[in-house]
Amino acid sequence: MFDKILIANRGEIACRVIATCRRLGVATVAVYSEADAAARHVRLADQAVCIGAAAARDSYLRIPAIIDAARQCGAQAIHPGYGFLSENPQFAQSCLAAGLIFIGPPVAAMRAMSSKASAKQLMQRCGVPLLPGYHGEEQDPAHLRREAERIGYPVLIKATAGGGGKGMRVVESAAVFDERLASCQREARASFNDARVLLEKYLQQPRHIEVQIFGDNDGQIVHLFERDCSAQRRHQKVLEEAPAPHLSEAQRERMTRAACDAARAVDYTGAGTVEFLLEAGGGFYFMEMNTRIQVEHPVTEMITGLDLVEWQLRVAAGEALPLSQQQIAMHGHAIEVRLYAEVPEAGFLPSSGTLRRFELPAASGALRIETGIEAGDRVGIDYDPMLAKLIVHAGTRREAVAALRAALSQVRIAGVGNNVMFLRRLAASRTFAAGRLDIGFIERERALVAGAPKPPDAAVLAAAALWTIRQERPAAPCAWNAGDGWRLNGFLTRTLEFDCVGVADAATGAAAPAAPSAVAVQYRADGLRLAIGERTAAALLRAQDSDSFYLQYGAEGVRLQIEEEAGQLHIVVGDDEYRLHRRDPLRSSADAYVAEASLAAPMPGRVIAQLVTAGSAVIKGEPLLILEAMKMEHTICAPANGTVRGYRAAVGEQVREGWDLIDFEATPGSPSPGSPSPEVPRP
Ligand code: ADP
């Protein structure tokens with residue numbers, strides 16, 4: 001075993017690798033960018049070396065700086081984690097050239113699998129099933145269009161060098177082929193510096209099933225069962241589980257055998273994952289092989305009781321695999337969810353900011369927490385916006401789902417947009433409980449993404465009103481329940497009005513303002529009475545801890561959470577979340593929403609396309625501009641029917657968050673201009 005290794009990564013995976021090294025008595029060297037000087041992985045490692053500026057290409061992707069750091073510190077090997085340089089054969093080669101061991105497969109195996117196109121050609125030769133597609137070198141658009149016609153629509157265009165769901169476009173018909181191809185190539189060039197694409201038959205409702213494999217230097221290849229990663233948004237995983245629900249033993253046998261064949265075909269060593277799409281009829285097709293540890297490896301660890309990072313280290317150090325296939329067994333069921341700084345209601349757009357609050361449930365044997373971040377840390381735009389992973393393990397899937405729901409109910413995040421409520425809805429959904437998953441189910445079930453578009457009930461409004469009154473009297477925390485509105489000649493009564501946001505607009509998917517809901521507050525000697533709709537009753541809000549309250553409204557008692565963020569009240573009751581704005585009586589409602597219709601950049605980025613010419617009349621929801629941010633494309637759409645007077649940022653221009661991008665004039669009387677699409681929370 002090694003004495004010391006360097007970890008060429010950051011965040012949770014760097015911390016995860018450090019944990020195993022510690023247990024095995026292997027010293028660790030962290031590398032970090034200037035933005036990560038105080039990061040958790042730097043504090044956990046035995047040594048740390050700064051390798052450059054915040055942008056990944058100036059630090060975590062700088063091969064010479066990382067190799068120098070390893071040499072300086074006397075590390076014998078480099079663990080690449082996932083992402084960054086983990087699947088870069090040139091990096092592996094540079095490690096070897098510098099006399100360092102790369103903790104991963106042989107360079108040739110990485111090369112063979114690093115291009116989705118050449119991997120598919122290879123798999124075809126060794127009999128692993130493939131979807132109909134085009135994986136050739138010829139990239140002329142007319143040729144690609146002909147190939148798409150041959151395959152038959154719908155087809156999927158994928159960046160050959162792609163990963164992380166980036167550079168993928170579904171094409172439903174020939175009419176949109178050219179436009180989608182151009183957009184895919186742009187994203188591929190920006191993300192991977194390689195505009196080549198491949199085409200594939202697009203399956204409507206397959207499952208994503210992947211097989212964890214391991215190989216050693218004696219030529220032994222084993223599998224560690226499968227993971228179901230069908231819970232995806234934007235073709236990116238958000239929840240993974242093992243074993244795959246409703247997978248027959250015969251199907252498992254076929255898929256794990258194909259995965260081992262794929263690994264054998266490239267003389268694989270170390271940890272790898274072979275990804276398949278599985279159709280309802282049982283047909284399955286090779287998608288790609290990831291030649292590294294996966295984000296979701298902990299679910300496999302939970303069901304097998306093995307430490308995959310330990311296996312990686314042992315194999316890289318020249319040892320044989322610790323167990324044979326017959327000795328590897330699985331027990332129970334494990335589920336992982338990924339907490340992200342992103343806004344599900346706004347097309348899962350990443351969010352940045354300072355984590356004001358970040359509380360996770362306590363880890364236990366049945367609940368594992370992986371994170372590289374802490375309250376007070378900044379979530380920037382330079383790296384992946386994953387905040388943490390929660391992994392539960394139980395005897396059965398049903399118990400694991402219950403444990404997941406319990407764990408998620410204890411998560412508290414504030415300061416950045418996040419997907420916690422989305423994950424709670426997902427974990428509570430009937431489709432998920434039944435294990436009837438396919439890669440499109442999240443996007444089909446709009447209520448999962450946007451939350452229940454139902455208006456707040458009386459209890460929610462009562463809580464909003466009591467909270468608002470309390471905030472007006474910060475110096476007297478108890479007085480908001482007291483009758484100080486008492487007047488000699490009667491009661492003081494006032495009306496508070498709230499708008500409930502988060503009710504999705506069908507055209508743009510953006511949050512649209514709903515009709516206001518009114519609460520008439522009566523200050524009486526014995527406390528507050530609230531009149532909401534038909535009901536008037538005494539109301540009391542008791543604080544339980546910093547954000548948990550017990551509301552008593554007449555005979556009704558409800559436990560809820562209340563948080564205020566950027567002038568918006570977030571009220572959570574069970575798995576439902578309501579976002580309310582107090583309506584300012586001094587501002588007309590029309591003004592309030594016109595102000596929000598500014599077509600501002602939702603995040604820092606670069607303008608890559610202006611989609612209409614100045615002076616064009618457009619309809620609500622029509623795409624107007626494409627912004628590239630965090631290596632993904634975001635489309636800004638018309639918030640209402642109107643006219644684009646002009647663009648305020650040129651193609652190629654870098655823009656800051658909040659920049660007004662488009663000079664837009666709404667047509668008077670057109671559908672109420674909501675917020676720009678997608679809507680993002682204001683900082
Ligand atoms: P990446 O490397 O970017 O993650 P993958 O090739 O692994 O890209 O595909 C990511 C996801 O895209 C898959 O999990 C699946 O949901 C979807 N996908 C990929 N290929 C197809 C296809 N041919 N038909 C339908 N969905 C697909």
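Remember, it's 1-based here, ligands and their atoms both numbered in the order they're listed.
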Next item on the list: Select all protein residues for which some heavy-atom-to-ligand 1 distance is less than 4.0 Å, and list them by chain and number.
Entry: K116, L131, L156, K158, G162, G163, G164, G165, K166, M168, E200, K201, Y202, L203, H208, Q232, H235, E275, L277, M287, E288, I439
Note to self: Would you compute the distance between atom CG of L408 and atom CG of L339 and round it to the nearest 0.5 angstrom?
What the structure shows: 7.0 Å
Margin query: Quick check on side chain to side chain donor-acceptor pair (under 3.5 Å): which of E288, E200, H135 does K116 satisfy it with?
Written below: E288
Item checked: Quiz item: cation-pi between R233 and Y340, 6.0 Å / 45° -> yes
Notebook entry, point to check: Has R254 got its NZ or CZ under 6.0 Å from the middle of the six-membered ring of F284, at an angle within 45 degrees of the ring axis?
Noted result: no
Check: Do H393 and R368 get their side chains close enough for a donor-acceptor pair, meaning under 3.5 Å?
Finding: no
Next item on the list: Establish, yes or no, whether the cationic atom of R397 lies under 6.0 Å from the six-membered ring centre of F432 and within 45° of the ring axis.
Entry: yes
